[in-house]
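Notes follow once the structure below has been shown.
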2 protein chains.
Amino acid sequence: MSAATPPLLAGSSHRKPAGSGTRLRLLTAAREVVEDGGYGAASVLAIADRAGVAAGTLYRHFASKEELFVELFRAACDRELDVMRASADGVPAGGSHVDRLETVLATFASRALARPRLTWALLAEPVDPLVDAERLAYRARYASLVADTLRRAIEAGELPNQDVELTAAALVGGCGEALVGPISPLSDAEPSPERVVAAIRTFVRGAVGDRR
Amino acid sequence: MSAATPPLLAGSSHRKPAGSGTRLRLLTAAREVVEDGGYGAASVLAIADRAGVAAGTLYRHFASKEELFVELFRAACDRELDVMRASADGVPAGGSHVDRLETVLATFASRALARPRLTWALLAEPVDPLVDAERLAYRARYASLVADTLRRAIEAGELPNQDVELTAAALVGGCGEALVGPISPLSDAEPSPERVVAAIRTFVRGAVGDRR
DNA sequence: TTAGCATGTGAATCCTGATTCACATGTGCG
DNA sequence: CGCACATGTGAATCAGGATTCACATGCTAA
């Protein structure tokens with residue numbers, strides 16, 4: 001009932017390829033499988049196969065399939081958050097806070113459009129409860145990042161006062177949904193990412209009450 | 001392999017309680033179970049129990065569990081759409097198209113807040129592929145309703161020109177997401193519906209570029 | 001060399017529900 | 001009455017996957 005936590009970076013033994021190659025391989029395989037088949041296609045067998053190991057091996061590294069997913073999920077979301085944050089910081093010079101806000105969400109959108117399946121999986125696809133809980137948590141974090149930026153803009157007098165939390169959630173959700181059309185497997189139109197992102201920028205500025 | 005389609009309104013035989021009471025009872029039971037336990041809790045057994053019949057009976061009326069869900073889903077969504085449409089028509093007199101737009105989404109929000117579980121199920125909860133497909137279709141319909149209203153407002157010169165489809169999707173998604181916080185089982189805060197709806201009205205007007 | 005540990009294997013096992021089916025029951029009609 | 005049809009029953013069966021486990025196979029250290 002203990003174990004479950006593999007070497008990680010070890011401290012006892014000597015050379016170890018670092019972080020157990022197989023563990024990482026499994027994580028990667030899982031991401032790949034999810035990316036092009038969704039969670040539905042991500043059976044233990046499928047993942048193990050892709051990673052080039054036997055099903056049982058997965059359980060040497062993760063207590064359960066769910067746990068693997070949770071880890072995968074966290075990694076993916078953290079990466080997204082980092083990139084979004086970074087993009088905001090990348091708006092230096094005379095950029096306004098509203099510019100930063102717009103940039104954060106445009107980044108979110110661009111990346112989503114670039115990896116539709118994964119985004120779908122992160123945002124909305126059916127999953128086990130454990131992962132779903134994680135999802136809620138991360139949505140909140142996305143919204144929180146947006147909320148911070150929004151708050152700053154308001155404090156700077158760039159925007160009218162408003163319910164920051166709610167607007168932030170609505171922005172994240174709005175962008176997400178606007179993306180779902182283009183993203184979803186059934187989408188027929190498939191408009192150019194540029195147009196979508198442009199429209200999203202407009203949407204964001206309007207939604208927060210920015211009068212250009 | 002045929003059958004599956006029960007009496008409905010009959011045409012052959014004589015008196016029949018109309019539409020088979022049991023069928024309806026099953027539909028209702030299913031909705032109830034979903035409303036307070038989500039799809040996860042809605043096993044064939046649970047539904048049948050609630051309806052006061054045996055599991056096998058369900059298959060006298062529906063080809064499969066999925067089919068029952070699809071029907072349930074359609075009924076629920078259609079009802080919502082009707083109410084939303086009606087609410088728009090309820091803005092008579094000198095009301096602007098933007099007023100109508102705002103009303104439609106406020107109605108959406110109010111109703112969602114009143115029946116959190118069901119809304120969650122309709123909007124985002126994990127389901128079988130068949131139902132999920134239905135969900136996409138209905139989301140599109142919601143967005144379409146919003147898009148129509150939005151388009152009219154633009155044509156009337158009340159709003160600046162914009163990507164109507166995308167904005168509509170973003171509005172629906174934004175409202176949905178803004179609602180998820182208050183709605184979700186984990187929500188701690190639980191702000192008053194009034195405040196949420198008010199914030200949503202503001203959000204909508206801004207998002208479409210309405211300068212009050 | 002050998003014990004010990006980490007890791008891998010994959011067939012067997014378990015679990016969770018959906019779905020089926022052989023058996024009532026009831027009602028109308030010839 | 002007795003057949004035919006609609007409907008209901010619920011135990012048995014199936015199916016799809018996750019999880020386990022008894023058995024390798026190294027590699028490291030004494």
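OP1 or OP2 of dG8(D) sits under 4.0 Å from a side-chain N or O of H61(B). The side chain of T57(A) places no N or O atom within less than 4.0 Å of a non-bridging phosphate oxygen (OP1 or OP2) of dT7(C).
The CD1-P distance, from I47(A) to dG17(D), rounds to 12 Å in whole Å. When rounded to the nearest whole Å, the span between CD of E67(A) and C1' of dT19(D) equals 14 Å. The CZ-P distance, from F62(A) to dT19(D), rounds to 13 Å in whole Å.
A search for salt bridge (Lys or Arg N to Asp or Glu O under 4.0 Å) contacts involving E32(B) returns R50(B), not counting sequence neighbours. Considering only residues two or more places apart in sequence or on other chains, A42(A) meets the side chain to side chain contact (heavy atoms under 4.5 Å, CB included) condition with V33(A), V34(A), I47(A), F69(A). Taking S87(B) as the reference, T103(B), V104(B), T107(B) meet the side chain to side chain contact (heavy atoms under 4.5 Å, CB included) condition, with sequence neighbours excluded. Not counting sequence neighbours, R25(A) has no partner by the salt bridge (Lys or Arg N to Asp or Glu O under 4.0 Å) test.
Between E102(B) and R201(B) there is a salt bridge, with a side-chain nitrogen of the basic residue lying less than 4.0 Å from a carboxylate oxygen of the acidic one.
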Margin query: Strictly under 4.0 angstrom, non-hydrogen atoms only: write out the protein contact profile of nucleotides 16-25 of chain C, one letter per nucleotide from the 5' end, B, S or -.
Written below: --SBB-B---
Using distance only, find each side-chain donor-acceptor pair of residues 78-86 of chain B under 3.5 Å and give its atom names and separation, not counting sequence neighbours.
{"unit_1": "D78(B)", "atom_1": "OD1", "unit_2": "Y138(B)", "atom_2": "OH", "d": "3.1"}
{"unit_1": "D78(B)", "atom_1": "OD2", "unit_2": "Y138(B)", "atom_2": "OH", "d": "3.4"}
{"unit_1": "E80(B)", "atom_1": "OE1", "unit_2": "R111(B)", "atom_2": "NE", "d": "2.8"}
{"unit_1": "E80(B)", "atom_1": "OE2", "unit_2": "R111(B)", "atom_2": "NE", "d": "3.3"}
{"unit_1": "E80(B)", "atom_1": "OE2", "unit_2": "R111(B)", "atom_2": "NH2", "d": "3.0"}

